[in-house]
Visitor: 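Sharing a structure with you now.
Note that the coordinates shown come from a computational prediction; the quantities given were computed from them, not determined experimentally. In what follows, chains are A, B, ... by sequence order, proteins preceding strands, each numbered from 1.
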Amino acid sequence: MAYSELRTTENSIKTSTQLNKKNIQNGNKDDFFARKQRLAQQRKSLPIASVEKRLVEEVRKNDTLIIVGETGSGKTTQLPQFLFNGGFCREGKVIGVTQPRRVAAVTVAKRVAEECGVELGQRVGYSIRFEDMTSNSTRIKYMTDGLLLREALLDPFLSRYAVIIVDEAHERTVHTDVLLGLLKNVQKARSQSSSQQCNTEKNKSHNNSAMDDNENSQCFSLLIPCQGRKYPPLKLIIMSASLDAKGFSDYFGGAKAVHIQGRQHPVDILYTLHAERDFLEAALITVFQIHLEEGPGDILVFLTGQEEIESMERLVKDRVQQLPEDKHKIQTVPIFSSLPSEQQMLVFRPAPSGFRKVILATNIAETSVTIPGIKYVIDPGLVKARCYNPRTGMESLITIPTSKAQALQRSGRAGREGPGKCFRLYPESEFAKLADSTVPEIKRCNLSNVILQLKALGVDDIIGFDFMEKPSRMAIVKSLEHLFLLGALTDDYKLSNPVGNQMARLPLDPIYAKSLILASEFNCLEEMLITVAMLSVDSIFYTPREKMKEARDAKKSFASQEGDHLTLMNVFRTSAEFLEKRKMSGSKDKTAERSLGKWCRDNFINSRSLKHARDIHSQIRGHVEQMGLRVTSCGDEMLQFRRCLAASFFLNAALKQPDGSYRALANSQIVRIHPSSVFFRTKPECIIFNELVRTNDDFIRNITRIDPLWLPELAPQYFAAQS
DNA sequence: GAGCACTGC
């Protein structure tokens with residue numbers, strides 16, 4: 001295939017010695033000191049090290065600072081240490097650093113603890129869902145941004161923190177965007193609380209005297225809990241890898257932005273001369289072009305989904321047979337999120353000697369997973385993205401062109417260990433037409449959860465909330481209506497008590513949170529806890545292409561005639577009984593867990609999803625018990641449980657049509673039962689469902705049969721007017 | 001008889 005001239009994007013800076021994994025495990029004293037010395041050397045050689053004093057000074061001078069740091073600058077690990085040494089943790093205050101992903105929070109915290117020579121969980125720690133590695137002495141705390149949002153519900157002023165660093169802000173996840181808005185309010189309120197004494201007597205009710213103008217009225221509600229208390233100003237640092245700091249700076253009132261040099265090797269970017277019609281074929285040709293003409297080094301190919309990855313794998317294997325025998329040494333390795341972890345791990349294993357590894361990946365390899373040894377990247381310029389239509393309330397996945405930022409992120413994967421090459425399968429003129437950055441997630445998702453959180457944080461005027469980028473009015477109104485129908489909001493759209501408050505405290509989809517509250521009244525909270533935990537995770541059933549029949553039979557053994565909800569519950573309970581038996585018979589916890597892994601494989605269950613569901617189950621159980629909800633079981637009274645499902649998910653009720661499709665009662669939309677449902681063949685007259693996704697058709701998933709007469713009985717406020 | 005980018009509480 002023809003490519004245009006090579007172009008060099010970034011300057012090369014030599015990297016220091018790589019870490020030697022072996023030495024970490026060795027408790028040997030010499031190794032310990034050698035490693036310590038090496039760590040210190042590495043720290044000193046980071047681009048950020050030379051500007052330590054200046055950075056600390058800038059943070060002292062500016063309440064908000066934007067830091068643009070390229071990959072490898074060391075900003076995430078070093079800046080918190082600089083600030084700690086600079087005295088920002090006086091009086092027991094904490095430096096919080098947020099990350100969009102759990103793995104990042106954990107690995108960075110471990111690294112920093114080691115650099116500081118302290119035990120993880122002491123001065124340096126991390127906190128993510130299901131795992132808290134912090135203590136009273138923790139001063140540098142890495143955490144996920146979603147977790148900090150949850151913390152804000154309990155401590156609206158984030159009073160423990162002197163500094164909050166929002167890392168990877170350019171990724172613009174929903175959590176990051178909500179957090180930025182919240183932090184802006186907290187910062188404003190805290191600087192006012194320290195400059196202006198709150199008047200405890202006068203401010204019992206909503207009273208604007210503590211604020212200068214209406215624009216500030218939103219942080220007023222945040223002020224209430226701090227009445228009479230004083231807080232030091234909150235230092236805010238927004239760190240981004242994208243070169244465009246202006247958006248963040250503008251949002252924070254013209255905050256100062258500083259730039260820190262990165263340390264990437266140069267990556268040559270090549271474009272095709274013409275637009276390619278078939279990107280799979282173009283990628284295939286490029287793989288072999290690299291294999292035959294370029295030096296050693298592994299290839300990373302970005303594809304849109306599992307299906308493309310699997311067909312690409314077959315194509316490479318077929319095509320390699322046409323080459324002379326001495327050119328056969330290619331090994332393909334797929335990676336995507338729903339792949340079982342053991343198979344995911346294979347991408348990290350070096351290819352056999354003399355072989356070239358070709359990694360076929362979704363955008364899991366863009367940020368979440370860093371694979372060593374990549375020298376070549378092939379980027380067709382496409383990505384599958386979630387879209388939300390607020391009018392229909394429907395989510396869908398569509399393939400769209402990447403943004404420039406995303407293309408840059410992908411090409412950067414070729415320059416982590418040495419100079420690399422990136423082949424973009426489109427002409428350079430097309431690159432110029434790409435959007436600069438990806439549309440923030442908050443503009444393309446259902447907002448019910450976001451709104452419930454904001455309401456619980458005291459933000460009543462959602463439409464007036466100062467989002468960095470405002471979601472559409474329609475999306476906001478739609479979600480407000482939805483929350484109102486669930487009973488989370490009152491007639492004047494305030495958070496209801498106790499229902500709305502309880503729902504906001506549960507880390508679940510609002511509709512699932514509501515179902516738990518209802519279940520305690522229906523005496524089936526035990527069952528509903530299991531159900532919502534199982535509904536909250538990715539697909540539980542795993543169906544490998546080559547073992548379809550076995551997988552289907554395994555699934556049948558769990559199937560319930562009542563529907564998918566009870567089927568999921570059967571899986572959960574059977575696995576729990578299995579684990580219990582193992583532990584009773586004297587197996588250690590670890591051994592029992594391992595045999596659960598085998599049980600999962602035998603039953604074609606995705607063990608990662610099941611583990612996740614078990615974690616959610618125990619976490620949520622703790623929450624509902626704390627709230628004082630009664631956790632009781634309906635035993636064999638499945639009718640009672642199905643009635644509770646109907647009462648919970650009445651917004652998703654549907655009636656069978658003569659042609660076997662269904663009509664959703666809420667909006668008369670015609671939908672079809674997904675083939676993964678137990679009701680794909682035997683179709684009941686009336687059902688409730690949990691998920692509506694558009695793929696080749698408008699499919700509904702997770703379905704239970706109900707009696708249509710229950711609907712007006714259990715949700716009269718909704719169905720009375722309609723019948 | 002389908003096919004599910006990726007995170008997160």
Visitor: Should we count CD of A:Gln561 as having more than 12 external heavy atoms under 6.0 Å?
Guide: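 Check fails, neighbour count at 12 or below.
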Visitor: Using side chain to side chain contact (heavy atoms under 4.5 Å, CB included), reason through A:Phe348 and A:Val369 one step at a time and then give a plain yes or no.
Guide: CA-CA 10 Å; A:Phe348 298 107; A:Val369 169; 3.5 Å; yes
Visitor: Between the side chains of A:His175 and A:Thr173, is a donor N or O closer than 3.5 angstrom to an acceptor N or O?
Guide: no
Visitor: Between A:Arg150 and A:Ser676, who's closer to the 5' end of DNA chain B by nearest nucleotide?
Guide: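 Result: A:Ser676.
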Visitor: Once you apply a heavy-atom cut-off of 4.0 Å, does A:Met143 come out as touching a base, just sugar-phosphate, or nothing?
Guide: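 The residue A:Met143 makes no contact with any strand.
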Visitor: So what does A:Arg552 hit on the nucleic acid, given a heavy-atom distance under 4.0 Å: a base, only sugar-phosphate, or nothing?
Guide: base
Visitor: Is there a donor in the side chain of A:Ser403 and an acceptor in the side chain of A:Thr438, or the other way round, less than 3.5 Å apart?
Guide: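 Side chains of A:Ser403 and A:Thr438: pair found under 3.5 Å.
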Visitor: Could A:Lys184 and A:Tyr251 be counted as a cation-pi pair, given that NZ or CZ must be under 6.0 Å from the ring centre and within 45° of the axis?
Guide: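 Pair A:Lys184/A:Tyr251 counts as cation-pi.
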Visitor: Please state whether the rings of A:Tyr512 and A:Phe649 are parallel, tilted or perpendicular, taking 30° and 60° as the class boundaries.
Guide: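 The arrangement is perpendicular - the two ring planes meet at more than 60°.
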Visitor: Classify A:Ser337 by what it touches in the nucleic acid, base, sugar-phosphate, or nothing, heavy-atom distance under 4.0 Å.
Guide: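 Here A:Ser337 touches the backbone only, sparing every base.
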Visitor: Is it true that atom CG of A:Asp553 has more than 12 heavy atoms of other residues, nucleotides or ligands lying nearer than 6.0 Å?
Guide: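 For A:Asp553, atom CG is crowded (more than 12 foreign heavy atoms under 6.0 Å).
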Visitor: Between residues 99-110 of chain A and DNA chain B, which residues have a heavy-atom gap below 4.0 Å?
Guide: A:Pro100, A:Arg101, A:Arg102
Visitor: Mind checking what makes ring-ring contact (aromatic ring centres under 6.0 Å, His included) contact with A:His612, not counting sequence neighbours?
Guide: none
Visitor: Taking the side chain as C-beta and beyond, is there a heavy-atom pair between A:Pro380 and A:Glu276 under 4.5 Å?
Guide: no
Visitor: Check salt bridge (Lys or Arg N to Asp or Glu O under 4.0 Å) between A:Asp167 and all other residues, then give those that pass, not counting sequence neighbours.
Guide: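 Listed in chain order: nothing, the list is empty.
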Visitor: By a strict heavy-atom criterion of less than 4.0 Å, which residues belonging to residues 622-629 of chain A are in contact with DNA chain B?
Guide: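 Those residues: none at all.
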Visitor: Go through DNA chain B in 5' to 3' direction and return only the first and the last nucleotide with some atom under 4.0 Å of chain A's heavy atoms.
Guide: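 Nucleotide range with atoms under 4.0 Å of chain A: B:dG1 to B:dC9.
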Visitor: Considering heavy-atom distances to DNA chain B, does A:Pro507 or A:Arg701 have its closest nucleotide positioned more toward the 5' end?
Guide: A:Arg701
Visitor: With sequence neighbours excluded, tell me which residues meet ring-ring contact (aromatic ring centres under 6.0 Å, His included) with A:Phe336.
Guide: none
Visitor: Base, sugar-phosphate alone, or nothing: which one does A:Thr144 contact when heavy atoms must sit under 4.0 Å apart?
Guide: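 Sugar-phosphate only.
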